[in-house]
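Sequence positions, counted from 1, serve as the residue numbers for this chain. Just follow the structure's listing: the first ligand is 1, and inside any ligand the first atom is 1. Atom set for the values below is all heavy atoms of this structure, side chains included, hydrogens, waters and symmetry mates excluded. These numbers were taken from a predicted model, which means no experiment stands behind them.
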Amino acid sequence: MKHLLIALALALPGMAMAAGGGGTAYKFDPDLGNEPSLQRGAAAFMNYCSGCHSMGLLRYNRLAADLGIPEDLLQENLMFTSDKVGAQINSAMIPASAKWFGKQPPDLTLTARARGDDWVYSFLKTFYVEEGRPNGVNNLTLPGASMPHVLGGLQGWQKLKPAEEGEEHAEAGGHGASHAPEFEVLEEGVLSAKEYDGLVADITNFMVYAAEPVKIKRKEIGTLVILYLMLFTFVAYLLKREFWKDVH
Ligand code: HEC
């Protein structure tokens, strides 16, 4: 119960922010029908994020079944924190080492729903170098975030451009500004800007899936129901014609 209350308390400001809308730097359109993107997102999550973050409400075998990943590939390539396919996706981090960050890395199963997909996408794109910060970076979407920029080598390193006369930066949760923030590249990353956007899109897509795994199925069922209704309407129409044909 206590955990539930804490989780609620943590999630509420995020929901308010997501509901408020317009506060994030970038927009993101999830595509749960894109299985390769979800698979790449899962792989990236396991490689770059599961060292610190868990997805405690999702099990490996559920993920494999939903995303069309054969179990042997799953075990070889995606399972770093457990060897049981029925296990939840826990983080590799022991709680004590979380103290380095001043903050326990939160479980990310529901984050895409609590914060919103735009928020997650923007968060991963808006780390910038700032001197004096414990990790050397700050984040425009979550100011003062204690997460290091773990994808910095891939994205490269950027800093905020000083605001121009009369113009304010798009701050998270701020003034509904959804124009892209101005960054200045300090050091190129291994990926091009476009490739990095693709990686972040895959990770966000995967997190959207994880926050509501039934969504994929629901869409499939929805399509079947509509098809069935169309077919049924046609049959009913034929039947009606048959019944009434001698009346007139
Ligand atoms: C070195 C440990 C570490 C790694 C690796 C890491 N994170 Fe984090 N992350 C953190 C910490 C610590 C926080 C808490 C930040 C805060 O609230 O100040 C955090 C916060 C977040 C949040 C914000 C959650 C919220 O609702 O406030 C998101 C989203 C996130 N991480 C995503 C990711 C993704 C995606 C990856 C992989 C690409 C990743 N993290 C890798 C440590 C890490």
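- No side-chain heavy atom of E195 sits less than 4.5 Å from a side-chain heavy atom of L199.
- Residue C49 approaches ligand 1 through these ligand atoms, each under 4.0 Å from one of its heavy atoms: 34 (C), 35 (C), 36 (C), 37 (C), 38 (C), 39 (C), 41 (C).
- Of all the heavy atoms of A114, none lies under 4.0 Å from any atom of ligand 1, so neither backbone nor side chain is involved.
- Shown in contact with P106 at under 4.0 Å from a heavy atom are these atoms of ligand 1, numbered in order with element: 13 (C), 14 (C), 19 (C), 20 (C), 24 (C).
- In terms of N/O distances under 3.5 Å, ligand 1 is not approached by T111.
- Within the hydrophobic cluster formed by Ile, Leu, Val, Met, Phe, Trp and Tyr side chains joined at under 4.5 Å, directly or through other members, L231 stands alone, with no partner residue.
- For ligand 1 and L108, the ligand atoms under 4.0 Å from any heavy atom of the residue are 28 (C), 30 (C), 32 (C), 33 (C).
- Considering backbone and side-chain N/O atoms, K103 comes within less than 3.5 Å of an N/O atom of ligand 1.
- Both tests pass for K125 against the ring of Y26: distance under 6.0 Å to the centre and angle within 45° of the axis.
- Counting only non-hydrogen atoms, the option in H149, R115, Q104 that gets closest to atom 27 (O) of ligand 1 is R115.
- Neither the backbone nor the side chain of F45 has a heavy atom within less than 4.0 Å of ligand 1.
- Of the residues L124, D197, T204, V200, the one that meets the side chain to side chain contact (heavy atoms under 4.5 Å, CB included) test with F28 is T204.
- At least one donor-acceptor pair under 3.5 Å links the side chain of R59 to the backbone N or O of G86.
- When each atom of ligand 1 is checked for a heavy atom of Y48 under 4.0 Å away, the hits are 5 (C), 37 (C), 38 (C), 41 (C).
- Applying the 4.0 Å criterion to heavy atoms of I203 picks out, from ligand 1, the atoms 35 (C).
- Under a 4.0 Å criterion applied to the non-hydrogen atoms of A145, ligand 1 contributes the atoms 18 (O).
- In terms of the ring-ring contact (aromatic ring centres under 6.0 Å, His included) criterion, F183 has no residue partners (sequence neighbours excluded).
- No donor-acceptor pair closer than 3.5 Å links the side chain of H149 to the backbone N or O of V137.
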